[in-house]
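The structure under discussion appears below in the form of structure tokens.
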Amino acid sequence: VPMSPEAEAMMEQINDDADARIAALRSAGEPLSDLWVRLGAHVAKLALIKCVSDYGRSGDWKIQVHDIEWAHKFVVWCLERTMAEAATRVADSQTEAQTQRVLRIITAAGPGGITSSTLSRATQWLRRSEKKDAIQTLIDSGQVVSSMVETDRPQGGGTQVTTYVATSLLTQTEAGT
């Protein structure tokens, strides 16, 4: 299926941009930079599928700029999600995997954070020492902050509980920057 001249020009630009992105990621030491090598091929295949599905059996197929744009946005989104998920799920050791899992639990709790008792219930699969080490690693690395929060009791008198919040969920003001 042929491409319009504008679509061909856009594909050339996409390939050039991909090469620049790969070089930047490699120079930054990103281990997943090679995911971007086939960006252009994936875009071209999806644009072809979109074009053919839009025009059906008419046989008047020609890949247009809007097909390329749609495919490019979709492929970039997929690659970025893959890299983000790999960063939070791929680990070099069991300890790192456990720490990443604890961070995912804390992050999933949202900007209000998670109390230590709720985190303990959610991480019952960890031994106490492993849980303590994972939390301390996350605090030391600046990925999580802890704070003491006063709670109210219906019968009067409050108690303090420790709350953990992922720093990725904090605004710059809250994070102290």
Side-chain angles (χ1 to χ4, degrees), residues 1-114 119 122-123 125-126 134-135 137-138 141-145 164-172 174-175 177:
V1 174
M3 285 188 191
S4 70
E6 297 84 7
E8 287 181 7
M10 180 175 266
M11 280 303 302
E12 286 182 35
Q13 184 61 48
I14 287 170
N15 285 322
D16 291 345
D17 292 347
D19 290 342
R21 179 176 258 186
I22 292 165
L25 289 169
R26 284 180 179 160
S27 69
E30 173 57 56
L32 298 176
S33 59
D34 286 343
L35 284 175
W36 295 88
V37 169
R38 297 201 26 87
L39 172 74
H42 294 310
V43 169
K45 287 177 186 176
L46 282 175
L48 171 64
I49 292 168
K50 183 178 181 314
C51 171
V52 171
S53 65
D54 284 351
Y55 295 102
R57 294 185 175 175
S58 72
D60 190 23
W61 300 325
K62 186 176 252 186
I63 298 172
Q64 301 294 331
V65 168
H66 64 89
D67 300 320
I68 300 291
E69 288 172 339
W70 175 85
H72 182 251
K73 287 178 186 175
F74 184 75
V75 172
V76 166
W77 180 84
C78 289
L79 291 173
E80 288 173 347
R81 289 297 322 138
T82 299
M83 290 180 72
E85 289 299 318
T88 63
R89 296 183 184 276
V90 176
D92 291 331
S93 67
Q94 172 135 2
T95 301
E96 185 181 356
Q98 292 169 342
T99 302
Q100 288 177 344
R101 188 169 172 192
V102 171
L103 178 60
R104 286 193 305 273
I105 292 167
I106 294 170
T107 302
I114 188 169
L119 182 60
T123 57
W125 46 272
L126 280 175
I135 292 168
T137 297
L138 293 169
S141 65
Q143 296 177 78
V144 168
V145 294
Y164 302 99
V165 180
T167 55
S168 63
L169 301 175
L170 298 175
T171 64
Q172 288 183 346
E174 291 172 318
T177 57

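- Atom CD of E85 has more than 12 heavy atoms from other residues, nucleotides or ligands within 6.0 Å.
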Practice prompt. Check the pair V144, V102 against side chain to side chain contact (heavy atoms under 4.5 Å, CB included), reporting the backbone distance first and the verdict last.
Written response: CA-CA 10 Å; V144 168; V102 171; over 6 Å; no
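- Within a 6.0 Å sphere centred on CH2 of W77, heavy atoms belonging to other residues, nucleotides or ligands number 12 at most.
- Pairing each heavy atom of L32 with each of M83, the nearest pair is CD1-CA, 4.0 Å.
- Closest non-hydrogen pair, A91 versus A97, comes out as CB-N, 3.4 Å.
- M10 CE to Q64 CD: the interatomic distance, rounded to the nearest 0.5 Å, is 11.5 Å.
- No donor-acceptor distance shorter than 3.5 angstrom exists from the side chain of S33 to the backbone of L25, with no hydrogens or angles considered.
- Closest approach of S4 and V65 over heavy atoms only: OG-N, 4.4 Å.
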Practice prompt. For D17 and R21, run side chain to side chain contact (heavy atoms under 4.5 Å, CB included): C-alpha distance rounded to whole Å, both residues' side-chain angles, the deciding distance at 0.1 Å, then the answer.
Written response: CA-CA 6 Å; D17 292 347; R21 179 176 258 186; over 6 Å; no
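- In this structure, the separation between NZ on K62 and CG on D67 is 12.0 Å, given to the nearest 0.5 Å.
- Closest heavy-atom contact between I63 and C51: N-SG, 3.8 Å.
- Put simply, CD on E69 and CD1 on I14 are 8.5 Å apart, with the number rounded to the nearest 0.5 Å.
- In this structure, I68 and M3 have side chains that are in contact, with non-hydrogen atoms separated by less than 4.5 Å.
- Of all non-hydrogen atoms in A109 and I114, the two that sit nearest each other are CB-CB, 3.7 Å.
- Between W36 and V76 there is a side-chain heavy-atom pair separated by less than 4.5 Å.
- Interatomic distance, CG of L119 versus CD1 of I106, reported as 5.0 Å (0.5 Å rounding).
- Rounding to the nearest 0.5 Å places CD1 of I105 at 12.5 Å from CD of Q100.
- Separating the OG1 atom in T123 from the CD1 atom in I135 is a distance of 6.5 Å, to the nearest 0.5 Å.
- Between K50 and D54 a salt bridge is recorded (basic side-chain N to carboxylate O distance below 4.0 Å).
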Name each donor-acceptor pair under 3.5 Å that joins a side chain in residues 38-46 to protein atoms two or more places apart or in another chain, with its distance.
none

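- Between L103 and A166 the shortest heavy-atom distance is CD1-CB, 4.4 Å.
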